[in-house]
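Remarks on the structure that follows.
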Amino acid sequence: MWIRGLKYRGSEGNVMKQDSIAIIYDFDGTLTPKTMQEYTLLPRLGIKSKNFWADIVRETKKTGAETMMVYMRHLLDCAAEKHVSISKTEFLKMSKDIEYYNGVSSWFDRVNQYVNCTSNSKIKIYHYIISAGHLEILEGISIKKYIKKIFASEYYYNKDNIAVFPKIVVTDTTKTQYLFRINKGKENLSDSINEHMAEIKRPIPFDNMIYIGDGLTDVPSMALIKKEGGHSIAVYQNNKTQIKISEGLLKANRVDFIAPADFSERSKLYKNMQYLLDYVIAKIKYRLKLKS
Ligand SMILES: [Mg+2]
């Protein structure tokens with residue numbers, strides 16, 4: 001009988017192994033101190049961040065609408081008012097202005113090297129981003145080369161290449177859809193994920209996943225991964241509100257540990273991540289009977 005994690009034959013008869021780790025990152029507040037819009041679209045459109053978000057929250061509360069839908073429409077309305085056309089090229093150019101937390105630019109190489117050294121290159125490591133923000137901006141970020149796939153909200157563009165309507169809207173709860181896509185290896189959005197797939201046939205089991213987020217919008221993803229035997233981490237900026245949110249997530253067992261959003265080599269986050277990777281690597285080695 002097969003058990004989870006052992007080799008299995010894929011649909012084309014190839015022998016495959018569940019020997020990959022996925023680290024999945026939220027973006028805004030997790031890798032960057034501010035939301036991506038605050039570095040890009042809001043200054044470009046001359047919008048004051050506080051008022052803009054307050055208007056969205058007000059409308060969402062009043063109408064019961066989905067926050068992301070309200071946000072994407074407000075942004076198009078503001079652009080139209082200011083006679084600014086938002087094109088894909090314009091979006092891409094904006095991503096250069098995004099600022100990251102300390103250590104983010106070297107994090108991915110360090111983590112990859114750590115997994116390769118610890119597992120004698122027998123275990124693969126992949127990084128993903130799942131964000132409610134704009135795919136068009138994320139496609140241009142400096143760390144994109146380290147990311148296997150980015151899942152995020154996206155506009156539909158008319159024949160003149162101008163954003164006119166939401167095409168994909170990622171919300172707190174729909175983020176979990178993308179975790180299933182990673183889990184089942186159905187990363188193209190046109191692939192259906194509803195068909196049953198035995199646990200042993202899923203390329204990246206949930207317990208090989210580590211999710212990193214910064215707040216309550218990450219709760220559905222953190223909770224799903226934890227419930228399925230995987231791991232979650234909350235990072236926080238050094239202020240009372242953020243620390244309190246992270247502590248709440250830890251208390252409710254939604255995360256394995258919390259740490260300041262410092263990704264540098266000597267940080268608590270990197271140290272604890274190494275311990276966690278040791279654990280996940282050991283689980284995989286045990287299941288696959290890998291000797292190093
Ligand atoms: Mg966030």
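Atoms within each ligand, like the ligands themselves, are counted from 1 in listed order.
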- Message: In terms of relative ring orientation, are F151 and Y128 parallel, tilted or perpendicular, with 30° and 60° separating the classes?
- Response: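 Rings of F151 and Y128: parallel, as their planes differ by under 30°.
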
- Message: For a distance under 2.8 Å, give residue and atom name for each protein N, O or S atom next to the Mg ion (ligand 1).
- Response: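 Short answer, with waters excluded from the count: D26 OD2, D28 O, D214 OD1.
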
- Query: Are W107 and Y100 close enough that a side-chain donor and a side-chain acceptor fall under 3.5 Å?
  - Reply: no

- Is there a donor-acceptor contact under 3.5 Å linking the side chains of S192 and N194? no

- Query: Between T35 and E38, is a side-chain hydrogen bond (donor to acceptor under 3.5 Å, both in side chains) present by the stated rule, with each step listed?
  - Reply: CA-CA 5 Å; T35 65; E38 286 167 79; 2.6 Å; yes

- If you measure from the Lys or Arg side-chain nitrogens to the Asp or Glu carboxylate oxygens, is any gap between E139 and K88 under 4.0 Å?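 Salt bridge between E139 and K88, a charged N being under 4.0 Å from a carboxylate O: no.
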
- Query: Is any NZ, NE, NH1 or NH2 atom of the basic residue among K175 and D26 found under 4.0 Å from an Asp or Glu carboxylate oxygen of the other?
  - Reply: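 Judged by the 4.0 Å cut-off on N to carboxylate O distance, K175 and D26 do form a salt bridge.
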
